[in-house]
2 protein chains.
Amino acid sequence: MNYYTISQLAEQFDISTRTIRYYEERGLISPIRTDSGQRLYTKKDRAVLKLILRGKRFGFSLEEIHEMISLFDNDRTGRKQLEKTIAYGEQKLKEVTERIEDLMQLKQEMESILADFRERLQKLEETE
Amino acid sequence: MNYYTISQLAEQFDISTRTIRYYEERGLISPIRTDSGQRLYTKKDRAVLKLILRGKRFGFSLEEIHEMISLFDNDRTGRKQLEKTIAYGEQKLKEVTERIEDLMQLKQEMESILADFRERLQKLEETE
DNA sequence: ATTTTAGTTTACGTTTACGTAAAAGTCAAT
DNA sequence: ATTGACTTTTACGTAAACGTAAACTAAAAT
């Protein structure tokens, strides 16, 4: 397995190294360290980072994203823990579903407005 | 036509009056005023506010929302203006479409993770 | 070997999107 | 008419999410 440096990840996702360190500060990502203290990121870390950025694009706060990431933490082995995790996951899934529906409605509206504008342009061109 | 006061709108959308005034400060909404200076909001203003809040839920900044709202400004009558507006609208529509696809992928992943957790819970219960 | 480049921590600065408080005017009801 | 609820502007405060700079160390390149 090989690793990414912080600047490599920063470049790949077009964010600053500060941003990545900040996510670590907030407990969202936990790279290993070399003897000298440099951060090394695995593929898994990269996937987590990708998840964070996607969450951000949807307007989730880092706090919410933190909670969602813990869903992927496979260390929840007890039955009570599993049940809690599932319940939380179902809740989040519902939220995501609602957002999708909401967005699709927005899309519809934008399309109808665009159609309206195209029609107006059409009429302008006819009377030219 | 009748009007809403600022606190009526605030209550309807469960936000503060400060928030509404802030949106006005940023140029997103423009209520008329009574002789004494109180703000009055029309149905149209209410619709704009609704749009703002929806945009926020999707993680758009107030600046982006401002741009999108100007799409609804019917005062773009020149041909060049129309063309620019349509181009901008198409761009935003594309962004929204991409977000929807992105969200649907997230949904898929969450569902598969949930399925995995449910399976584990199942196995735990079998060995009880 | 020594520049150059990249990494680290610490810490203060900044922007966005409001919260909150003060001081004063206005509206609605008793 | 006066109380109480509502509104206005002005202004300072704040949390989240980083930006930026300093001071230093390690790695890579010449």
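In the text below, chain A, chain B and the rest are named by the order of the sequence lines, each starting its count at 1.
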| Is it the case that B/Arg99 places NZ or CZ above or below the six-membered ring of B/Phe60, under 6.0 angstrom from the centre and within 45 degrees of the axis? | yes
| said: Considering every strand and a 4.0 Å limit on heavy-atom distances, what is the contact class for A/Thr34: base, sugar-phosphate, or nothing? | reply: nothing
| query | Any side-chain heavy-atom pair from A/Ile65 and A/Tyr23 closer than 4.5 angstrom? | reply | no
| Quick one: is C/dT16 close enough that its OP1 or OP2 comes under 4.0 Å of any side-chain N or O from B/Tyr22? | no
| B/Thr19 side-chain N/O to C/dA17 phosphate OP1/OP2 under 4.0 Å | no
| said: Just N and O in the side chain of A/Lys56: are any of them under 4.0 Å from OP1 or OP2 of D/dC18? | reply: yes
| said: From the set D/dT7, C/dA17, D/dT20, return the single nucleotide nearest to any side-chain atom of B/Ile6. | reply: D/dT7
| said: Among A/Gln12, A/Glu11, A/Arg39, which residue satisfies the side-chain contact (heavy atoms from CB on, under 4.5 Å) criterion with A/Tyr4? | reply: A/Gln12
| message | Looking at A/Ser16, I'd like to know whether one of its side-chain N or O atoms comes within less than 4.0 Å of OP1 or OP2 on D/dG19. | response | yes
| Base, sugar-phosphate, or nothing for B/Arg26, non-hydrogen atoms under 4.0 angstrom? | sugar-phosphate
| message | If we ignore hydrogens and angles and just use 3.5 Å, is the side chain of B/Glu83 paired with the main-chain N or O of B/Lys80 as donor and acceptor? | response | no
| Nearest-nucleotide comparison on DNA chain D, the residue closer to the 5′ end among B/Ser7 and B/Arg18 | B/Ser7
| Touch class at under 4.0 angstrom, heavy-atom based, for B/Thr17 against every strand present | nothing
| B/Ser36 has a side chain; which of D/dT7, C/dC27, D/dA27 sits nearest to it? | C/dC27
| request: Ignoring hydrogens and angles, answer whether the base of C/dT8 and the side-chain atoms of A/Arg39 contain a donor-acceptor pair closer than 3.5 Å. | output: no
